[in-house]
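Remember, it's 1-based here, ligands and their atoms both numbered in the order they're listed.
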Amino acid sequence: MSTTAVHQPTSSFQPAFADGTLTREDMNFIARLVYEQAGIVIREHKEAMTRGRLARRVKALGLNSVAEYCAFLKTPHAAGELPELINAVTTNHTAFFRERHHFDHLGREVMPRLMQERAGRRGRIRIWSSACSSGEEAYSIAATCRDAMGSRSDLDFRILATDIDTDILAKAEAGIYPADQFERLPADARTMLKLEGGGRGETRIAEDLRRLVSFKRLNLIERWPMSGPFDVIFCRNVFIYFDTQTKASILDRFVALLSPGGFLYLGHSESLPSPHPQLRLIGRTIYERTA
Ligand SMILES: C[S@@+](CC[C@H](N)C(=O)[O-])C[C@H]1O[C@@H](n2cnc3c(N)ncnc32)[C@H](O)[C@@H]1O
């Protein structure tokens with residue numbers, strides 16, 4: 001992937017940042033590495049936050065400064081550190097039933113249509129949560145669809161939930177969350193999630209929802225191992241970290257994996273980088289794949 005226009009290292013040495021730990025050259029080096037590895041563009045207003053996150057890796061590795069960490073990343077021994085670097089710089093903010101209108105559309109419009117089309121033949125329904133973070137999005141999908149399916153047992157229903165961040169995926173798979181995370185949720189959402197009491201202020205997503213979801217590591221800018229088709233793809237609140245070229249290429253690959261008539265949900269502040277001939281906007285950040 002080309003890195004033109006993204007934080008090219010400056011040729012001459014520039015002064016250290018105010019905290020004295022990272023030069024402009026090192027910041028550019030980190031930004032370029034993160035872009036090459038994950039497609040994430042570290043914009044200038046996010047640099048201070050990034051330095052803070054790198055400090056966590058400095059501590060974990062027993063180094064003395066972020067500058068020392070950058071020097072380590074430039075050595076041949078650093079390959080194993082790259083996933084940790086990416087884990088450290090990703091933003092994982094998420095919530096159960098975030099952007100509720102997507103789940104209402106899924107439960108009221110999409111699932112009834114799919115259940116009717118696929119009735120009686122162990123009909124296959126596949127949904128992909130493609131930047132799932134700690135799992136709240138995938139479990140909200142599971143809860144919505146389980147509720148829509150009721151006691152139907154003639155459907156082969158699965159959710160694939162993927163993220164680049166291995167630390168957050170471990171949390172997602174466990175399905176255990178602080179109990180107070182659910183307090184602000186509307187009562188119907190809490191009921192759909194079928195929460196089980198955990199110990200010490202924790203709550204666990206019920207087993208019958210957890211088993212609908214498979215969590216896997218997947219980097220959206222690398223090759224994808226699955227062949228689809230998917231009936232629904234969620235790609236929410238990750239495009240904001242990508243540039244236009246990366247978004248366009250991922251969108252083309254989403255379209256290729258979506259069934260005709262399938263749906264793509266983007267995040268609240270996201271849109272297509274340019275109109276796509278096979279995607280029709282049918283609701284707030286909801287796109288339908290045309291034939
Ligand atoms: C802000 S969270 C969004 C979570 C959820 N989709 C939502 O809207 O609530 C963004 C997620 O994208 C993931 N991510 C960033 N770059 C990625 C990439 N190249 N491939 C896959 N996931 C990526 C991050 O690890 C993070 O968990």
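- Ion pairing between D26 and K74 holds under the 4.0 Å rule for side-chain N and carboxylate O.
- Geometrically, R100 engages F97 in a cation-pi contact, judged by NZ or CZ lying under 6.0 Å from the ring centre and within 45° of the ring axis.
- Salt bridge present: R211 and E207 bring a charged side-chain N and a carboxylate O closer than 4.0 Å.
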| For S133 and D163, what are the C-alpha separation, side-chain angles and deciding distance, and is it a side-chain hydrogen bond (donor to acceptor under 3.5 Å, both in side chains)? | CA-CA 6 Å; S133 187; D163 201 282; 5.1 Å; no
Contact table ligand 1 N or O to protein N or O, d under 3.5 Å:
{"residue": "ligand 1", "atom": "6 (N)", "partner": "A131", "partner atom": "O", "Å": "2.8"}
{"residue": "ligand 1", "atom": "6 (N)", "partner": "E137", "partner atom": "OE1", "Å": "3.0"}
{"residue": "ligand 1", "atom": "6 (N)", "partner": "R236", "partner atom": "O", "Å": "2.9"}
{"residue": "ligand 1", "atom": "8 (O)", "partner": "R98", "partner atom": "NH1", "Å": "3.2"}
{"residue": "ligand 1", "atom": "8 (O)", "partner": "R236", "partner atom": "O", "Å": "3.2"}
{"residue": "ligand 1", "atom": "8 (O)", "partner": "N237", "partner atom": "ND2", "Å": "2.7"}
{"residue": "ligand 1", "atom": "9 (O)", "partner": "T94", "partner atom": "OG1", "Å": "2.6"}
{"residue": "ligand 1", "atom": "9 (O)", "partner": "R98", "partner atom": "NH1", "Å": "2.8"}
{"residue": "ligand 1", "atom": "19 (N)", "partner": "A38", "partner atom": "O", "Å": "2.8"}
{"residue": "ligand 1", "atom": "19 (N)", "partner": "N219", "partner atom": "OD1", "Å": "3.0"}
{"residue": "ligand 1", "atom": "20 (N)", "partner": "L220", "partner atom": "N", "Å": "2.9"}
{"residue": "ligand 1", "atom": "22 (N)", "partner": "I164", "partner atom": "N", "Å": "3.4"}
{"residue": "ligand 1", "atom": "25 (O)", "partner": "N92", "partner atom": "ND2", "Å": "3.4"}
{"residue": "ligand 1", "atom": "25 (O)", "partner": "D163", "partner atom": "OD1", "Å": "2.6"}
{"residue": "ligand 1", "atom": "27 (O)", "partner": "N92", "partner atom": "ND2", "Å": "2.9"}
{"residue": "ligand 1", "atom": "27 (O)", "partner": "D163", "partner atom": "OD1", "Å": "3.4"}
{"residue": "ligand 1", "atom": "27 (O)", "partner": "D163", "partner atom": "OD2", "Å": "2.7"}

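- Test H268, E137, E270 against R236 for side chain to side chain donor-acceptor pair (under 3.5 Å) and you get one pass: E137.
- Within a 6.0 Å radius of CZ in R284, other residues, nucleotides and ligands contribute 12 heavy atoms or fewer.
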